[in-house]
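Reading through the structure tokens given below for one structure.
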Amino acid sequence: MEINNEFKKYCSDISEIVIKKFNQKKFENDLQKSLNIDATKLNVILNKTKKSLRENKIEGPIEVSEDLLIRTFCKRSILFKISYEYYKKKIKLENITYEIIYKDWISALKDQPNYKGIEKYFNTSDPHFNNNAYFWYIGLKNKNLFTNIEIPFIILQEYLNFKFNSNLPITAIDKIDTLINEHKLTKEQQLYIYDKLLGLIANADLATQNMLTIINVEIHDRRWAIEPYDLTNETKRYDLELILKESKNYESIEDQITFLRKKQLEFENEHGEARYLQELINNIQIDIDSLYLKLKKHNLSSTNNDIRPDITNVKRKIKLEFIHWFTIISCVIGVMVFLFGNNIYGRFSGNENPEIKSNEQIWRKENFDTVLTTINLPYLENFPIIDNGLFIKYYFNDLIFGGINIDTVAMNARSKSGENLALRKSKGEIYMDINKEPYIEFEYKGTLYSIETVGRHYSFLCTIRKSINQTLQMKRYNQL
């Protein structure tokens, strides 16, 4: 799908007609206000999307284009649909007035699906608000916090107007207070409203957060006036000693590692917003590595205990075998001296007669399977292997095998259970389902390697071996 530049310019100009109509003027009714909001969003999307994509590169198997984003955001815009109809009819811009747009916009609005009750709050013009509204409903429907479950949604939808009142933060929040007083909310209900508003802003895109900075401060101030925050539980969440103590509630080392890995991923997600968590993440990794070493020692100890006989019997057995073999060897040497004389070495080496060569036994030198490394596969990070020309990556539900030298590699993979494993290639990378615990064999620069992955979310142990015996039929990247 491609949107031509001429149409984009046409839509942008129509949105400008609406915006200029009430520039620094009061709206006469709520419908004019809604039309202005629609025009403002459309104008921003059409003129800022390309710049946003350029500044915030999105990596992944699906390429996100400017036109895809415009289509996604504009499919709910009534003004966008009206502009499309004007463009198809080849109506010139000089023949389009605000009054025409307003009339057609009202007509199109009446044709929109008429959502009733709670569902209308899941279908506003703001996808971020819609997603949050659904989860509020899930959380409230089994509680008795509000007698009428629609009341918090009536108040919280004022968030949709914040962007257009960002320069009037006190007025914007006064509207919230007015609605709170109208519905006579209790202290707990007021806290719910303010906490959800703060959550909306905190989880909005960066541009919205920056725009609503002052409103955010005003909400914090009023929320704090109702009841100061209790940060005790929050600070406990980041206490390393308490985290490690909680992990000890699990009996097996494997479960302790899984618990710590989940905590680490939780903090890594928060780290995107709060950079101070990196030290805690690193400390948890140290404890995870320590547990892996403990697990290896435990497994080795268990194996040795299974095969270790009684030491007294071992000594007795060694002593008897030594006497037995010493007697046999002495007899053999005596017989050989009797038959061949003292020059036994000369007889067998051929040195006794230079023209006589002994039969040489040629031993074939073999390469043996060697473990290069065993690691706890890091999440969402490239892990370089071999000569740094290749890498592996734990990426959500996939194991990715790639690198600058991927075209020189022949490889194949199977699941832990021996089944065929679906391989997907994209932009120099090969994707496979990590939940199948992939076993990979590949040939690189004349040497055979294997990668064995075992574990479960969110902890996978990866072992890389060199000079293996090939068991899979391999293919080049361009053959996959």
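In terms of modelled atom types and a separation under 3.5 Å, the side chain of Asp407 and the main chain of Tyr477 share no donor-acceptor contact. Distance alone, capped at 3.5 Å, places no donor-acceptor pair between the Asp221 side chain and the Val217 backbone. With hydrogens and angles ignored, the 3.5 Å screen pairs a side-chain donor or acceptor of Thr40 with a backbone N or O of Asn36. Side chain of Asn382 to backbone of Phe391: no donor-acceptor contact under 3.5 angstrom is found. Although no hydrogens or angles enter the test, the distance criterion places no donor-acceptor pair under 3.5 Å between the side chain of Ser426 and the main chain of Glu429. No donor-acceptor pair closer than 3.5 Å links the side chain of Glu452 to the backbone N or O of Tyr439. Using modelled atom types, no side-chain atom of Asn216 and backbone atom of Leu212 make a donor-acceptor pair closer than 3.5 Å. Judged by distance alone, with hydrogens and angles left aside, the side-chain atoms of Asp398 form no donor-acceptor pair with the main-chain N or O of Tyr394 at under 3.5 Å. Remark: the backbone N or O of Leu145 is paired with a side-chain donor or acceptor of Gln189 at under 3.5 angstrom. Checking side-chain atoms of Thr178 against main-chain N and O of Asp174 turns up a donor-acceptor pair under 3.5 Å.
Leu168 contributes atom CG, which lies 12.0 Å from atom CG of Asn161 (distance to the nearest 0.5 angstrom). Rounding to the nearest 0.5 angstrom, the gap separating the NZ atom in Lys184 from the CD1 atom in Ile180 is 15.0 Å. One finds the CD1 atom of Ile392 at 6.0 Å from the CG atom of Leu399 (value rounded to the nearest 0.5 Å). Atoms CD1 and CG, on Ile215 and Leu197 in that order, are 10.0 Å from each other to the nearest 0.5 Å. One distance of note links CG of Asn5 with OG of Ser12; it measures 11.5 Å at 0.5 Å rounding. The CZ atom of Phe162 lies 10.0 Å from the NZ atom of Lys175; values are rounded to the nearest 0.5 Å.
Ion pairing of Glu437 with Arg414 is absent here, as no side-chain N (NZ or NE/NH1/NH2) approaches a carboxylate O to less than 4.0 Å. Ion pair Glu99/Lys103 not flagged as a salt bridge, since none of the NZ, NE, NH1 or NH2 atoms sits closer than 4.0 Å to an Asp/Glu carboxylate oxygen. Look at Asp104 and Lys81 and you find no salt bridge, because none of the NZ, NE, NH1 or NH2 atoms lies under 4.0 Å from a carboxylate O. Taking a cutoff of 4.0 Å between a charged side-chain nitrogen and a carboxylate oxygen, Lys143 and Glu188 do not qualify as a salt bridge. Lys21 and Glu16 are not joined by a salt bridge, as no carboxylate oxygen comes within less than 4.0 angstrom of a charged side-chain nitrogen. A salt bridge links Lys187 with Glu227: at least one charged nitrogen is closer than 4.0 Å to a carboxylate oxygen.
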Query raised in the report: Given the rule in the side chain to side chain contact (heavy atoms under 4.5 Å, CB included) test, do Cys462 and Thr374 qualify, once you have shown the distances and angles that lead to the verdict?
Result: CA-CA 6 Å; Cys462 188; Thr374 299; over 6 Å; no
Query raised in the report: Taking it one step at a time, do Ile201 and Thr208 satisfy side chain to side chain contact (heavy atoms under 4.5 Å, CB included)?
Result: CA-CA 7 Å; Ile201 296 174; Thr208 302; over 6 Å; no
Report task. Determine, step by step, whether Asn130 and Asp126 satisfy the side chain to side chain donor-acceptor pair (under 3.5 Å) criterion, reporting the C-alpha distance in whole Å, the side-chain angles of both residues, the deciding distance to 0.1 Å, and the verdict. Result -> CA-CA 6 Å; Asn130 298 342; Asp126 189 328; over 6 Å; no
Query raised in the report: Going through the distances and angles, do Leu93 and Tyr86 end up as a side chain to side chain contact (heavy atoms under 4.5 Å, CB included)?
Result: CA-CA 9 Å; Leu93 284 168; Tyr86 292 164; over 6 Å; no
Query - side chain to side chain contact (heavy atoms under 4.5 Å, CB included) assessment of Tyr102 paired with Thr97 - result: CA-CA 9 Å; Tyr102 181 66; Thr97 64; over 6 Å; no
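Side-chain contact check for Ile151 versus Asn148: some heavy-atom pair is nearer than 4.5 Å. Annotation: side chain of Arg223 is not in contact with side chain of Glu218 (no heavy-atom distance under 4.5 Å). Side-chain contact between Leu260 and Ile257 is absent, with no heavy-atom pair separated by less than 4.5 Å. Counting heavy atoms from C-beta on, the side chains of Phe259 and Ile243 come closer than 4.5 Å. In this structure, the side chains of Met474 and Glu443 come closer than 4.5 Å at one or more pairs of heavy atoms. Between Glu241 and Glu246, the closest side-chain pair of non-hydrogen atoms is not below 4.5 Å. You'll find the side chain of Phe401 reaches within 4.5 Å of the side chain of Ile385, heavy atoms only. Tyr449 places none of its side-chain heavy atoms less than 4.5 Å from the side chain of Arg465.
Here the shortest heavy-atom pairing between Lys475 and Gln479 reads CA-OE1, 3.5 Å. Here the closest non-hydrogen pair linking Leu35 and Val18 is CG-CG1, 3.8 Å. Of all the heavy atoms in Tyr431 and Ile400, the pair that sits closest is CE2-CD1, 3.3 Å. A pairwise comparison of heavy atoms in Glu251 and Gln256 identifies O-NE2, 3.8 Å as the closest pair. Closest heavy-atom contact between Ile440 and Met432: CD1-SD, 3.7 Å. In terms of heavy atoms, Arg261 sits closest to Leu377 at NH2-O, 4.1 Å.
Surrounding NZ of Lys263 are more than 12 heavy atoms belonging to other residues, nucleotides or ligands, all under 6.0 Å away. Within 6.0 Å of CD1 in Ile404 there are 12 or fewer heavy atoms belonging to other residues, nucleotides or ligands. More than 12 heavy atoms of other shown residues, nucleotides or ligands fall within 6.0 angstrom of atom CG in Asn95. No more than 12 heavy atoms of other residues, nucleotides or ligands lie within 6.0 Å of NZ in Lys92, so this atom counts as exposed by the packing criterion. More than 12 heavy atoms of other residues, nucleotides or ligands shown are found within 6.0 angstrom of CG on Leu240. Atom CZ of Phe135 has 12 or fewer heavy atoms from other residues, nucleotides or ligands within 6.0 Å. In Ile226, the CD1 atom is crowded: over 12 heavy atoms of neighbouring residues, nucleotides or ligands sit closer than 6.0 Å.
Between Trp136 and Phe129, the distance from one ring center to the other falls under 6.0 angstrom. Between Tyr134 and Tyr121, the distance separating the two ring centers is not shorter than 6.0 angstrom. Ring pair Phe146/Phe153: centre-to-centre distance not below 6.0 Å.
Ser450 pairs by the side chain to side chain donor-acceptor pair (under 3.5 Å) definition with nothing, not counting sequence neighbours.
Classification of the Phe442-Tyr444 ring pair by plane angle, with boundaries at 30° and 60°, yields tilted. Using cut-offs of 30° and 60° for the angle between ring planes, the Tyr10 and Tyr87 rings count as perpendicular.
There is no side-chain donor-acceptor pair under 3.5 Å between Asn181 and Asp177.
A cation-pi contact, defined as under 6.0 Å to the ring centre and within 45° of the axis, is absent between Lys393 and Phe383.
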